[in-house]
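Remember, predicted model here, so these are calculated numbers, not experimental data.
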Amino acid sequence: MSQDTDKTDKPANPSRRRMLGAAAIGTVAGAAAGLASGMALAGATPPQPPILDGRRRFADQTVLITGATSGIGRAAAEAFAAEGARVVFCGRREQLGEEVAAGIRDNGGEALYIRADVREEADVDAFVAQAVQAYGGIDIALNNAGVTFNDPLHEIATADWDDLYATNVRGVFLAMKAEIPHMLERGGQIIVTSSVNIVGARPGLAAYNASKRALAGIVQTAALEYGTQGIRVNAICPGATDTEMIRRDAGFIDAPDAVWHAGVGVWARSNVHGMQRVASPQEIAAAILSMASPEMTYLNGSLFFVDGGMTSAL
Ligand SMILES: NC(=O)c1ccc[n+]([C@@H]2O[C@H](COP(=O)([O-])OP(=O)(O)OC[C@H]3O[C@@H](n4cnc5c(N)ncnc54)[C@H](OP(=O)(O)O)[C@@H]3O)[C@@H](O)[C@H]2O)c1
């Protein structure tokens, strides 16, 4: 496997604009910083879904997750493990990966972190092979690793476009190509993390929008190819979710939480129609677990929106 450091790759285009889609979170966050210094910001933190103690829907199941060192993947790893699954996950940041796995084990769960870069076929193959070797197979795969950047189309460096596609599209293809032969032996299910951008666009996100739409083609085709062979394939399409991805995208990865929450809260009131707030990663993880739960036997080929109403607006 390749040996990157714990830092993620920098995009090739140095004149990158910082914005979350069309929204200038920076402006509202800057204004909110003054507020944040003097008062509590009620309702600024997205809520956590209730933890239903004792539910073990995934006992004795092996769950593979790409990109679980942070964000939605991490929340899903923790939630699956809390419900009895053996979780095997990857990401490039090794220290963070080991910390996430240790945290799960400290809470009584079972987790194995394996460093893998989904852009590298050898990494993906080794990741899947090691999971199968450790636990005898794969029951559920969440192909979740993804990246984004913001640039007007004519300013996108070709290398950045290729790199985003290598992660968001080719990485999902490589993972499914490696996972499906094992699932053909005993059944299984695959969930791919797409986005609300599968149906709607935002300026600056041509590469990201296109990549998340490409996933619909992969998911729906695979649902047809494997639906009668015991493998269900679906996509989750989250709305704006409070993770490193959108904090980085907005230029607030190092901002104090209060400043970030204030800024993104103001942004959400006019950009997240319906709920008027962003989701917590735990809320998206809860939806992923519902999709993967044993009672969802007829869910196949679906593009499952969990966006608080964001895509309902005209
Ligand atoms: N946040 C949102 O509003 C939102 C909305 C809709 C969909 N999504 C999608 O949700 C997924 C997760 O993103 P997030 O929001 O949770 O952001 P995040 O916290 O930045 O998580 C991204 C994850 O992907 C991993 N990753 C990125 N490139 C990788 C590579 N080449 N190989 C292996 N792992 C890689 C990262 O790990 P390392 O850096 O350690 O490699 C990290 O664990 C993405 O597919 C994203 O497009 C997010």
* Asked: In chain order, what residues pass the side chain to side chain donor-acceptor pair (under 3.5 Å) check against Thr241, with sequence neighbours excluded?
  -> none
* If we only count heavy atoms from C-beta on, is the Ile191 to Asn143 side-chain gap below 4.5 Å? -> no
* **Same apolar cluster: Met291 and Val87, side chain cutoff 4.5 Å** => yes
* Structure fact -> Between Phe58 and Leu289 the two heavy atoms that sit nearest each other are CZ-O, 3.4 Å
* Asked: Which pairs, with at least one residue in residues 272-314 and sequence neighbours excluded, count as a ring-ring contact (aromatic ring centres under 6.0 Å, His included)?
  -> none
* To do: Take Arg115 and Glu98, measure what salt bridge (charged side-chain N to carboxylate O under 4.0 Å, His left out) needs, and give me the verdict at the end.
  => CA-CA 9 Å; Arg115 189 203 177 279; Glu98 295 297 354; over 6 Å; no
* **All salt bridge (charged side-chain N to carboxylate O under 4.0 Å, His left out) counterparts of Arg247, not counting sequence neighbours** => Asp242, Asp257
* Minimum side-chain heavy-atom gap Leu215-Val172 below 4.5 Å -> yes
* Is atom CD of Gln133 surrounded by more than 12 heavy atoms (other residues, nucleotides or ligands) closer than 6.0 Å? -> no
* Contact summary for Val63 and Ala85, nearest pair of heavy atoms -> CG2-CB, 3.7 Å
* **Under the salt bridge (charged side-chain N to carboxylate O under 4.0 Å, His left out) test, residues paired with Arg57 that sit two or more places apart** => Glu83
* Sort and list the pairs that fulfil ring-ring contact (aromatic ring centres under 6.0 Å, His included) and have at least one residue in residues 160-199, not counting sequence neighbours. => Trp161-Tyr165
For residues 220-230, please give each side-chain donor-acceptor pair under 3.5 Å, one per line with the distance, not counting sequence neighbours.
from   : atom 1 : to     : atom 2 : distance (Å)
Thr221 : OG1    : Gly217 : O      : 2.6
Gln229 : NE2    : Glu225 : O      : 3.0

* If only atom types and distance count, is the side chain of Asp163 paired as donor or acceptor with the main-chain N or O of Ala159 below 3.5 Å? -> no
* Mind checking what makes salt bridge (charged side-chain N to carboxylate O under 4.0 Å, His left out) contact with Arg186, not counting sequence neighbours? -> Asp139
* **Qualifying ring-ring contact (aromatic ring centres under 6.0 Å, His included) pairs, either residue in residues 82-104, two or more places apart** => Phe89-Tyr113
* Structure fact -> Applying side chain to side chain donor-acceptor pair (under 3.5 Å) to Thr311 and not counting sequence neighbours gives Asp307
* Do Leu112 and Arg86 come close enough that some side-chain heavy atom pair is under 4.5 Å? -> no
For residues 66-80, please give each side-chain donor-acceptor pair under 3.5 Å, one per line with the distance, not counting sequence neighbours.
from  : atom 1 : to     : atom 2 : distance (Å)
Thr66 : OG1    : Asn144 : N      : 2.8
Thr66 : OG1    : Ala145 : N      : 3.1
Thr69 : OG1    : Arg93  : NH2    : 3.3
Ser70 : OG     : Arg93  : NH2    : 2.9
Arg74 : NE     : Glu78  : OE2    : 2.9

* **Validation row: Leu64, Leu142 side chains within 4.5 angstrom (heavy atoms)** => no
* How would you list, by chain and number, every residue that makes a salt bridge (charged side-chain N to carboxylate O under 4.0 Å, His left out) with Asp125, sequence neighbours excluded? -> none
* **Sub-4.5 Å side-chain heavy-atom contact between Lys212 and Asn168** => yes
* Remaining members of the apolar cluster that contains Met275, side-chain heavy atoms under 4.5 Å -> none
* State the CD-CD1 distance between Gln189 and Ile231, to the nearest 0.5 angstrom. => 10.5 Å
* To do: Go through the steps to decide whether Asn234 and Asn300 satisfy the test side-chain hydrogen bond (donor to acceptor under 3.5 Å, both in side chains), and finish with yes or no.
  => CA-CA 6 Å; Asn234 295 284; Asn300 190 36; 4.8 Å; no
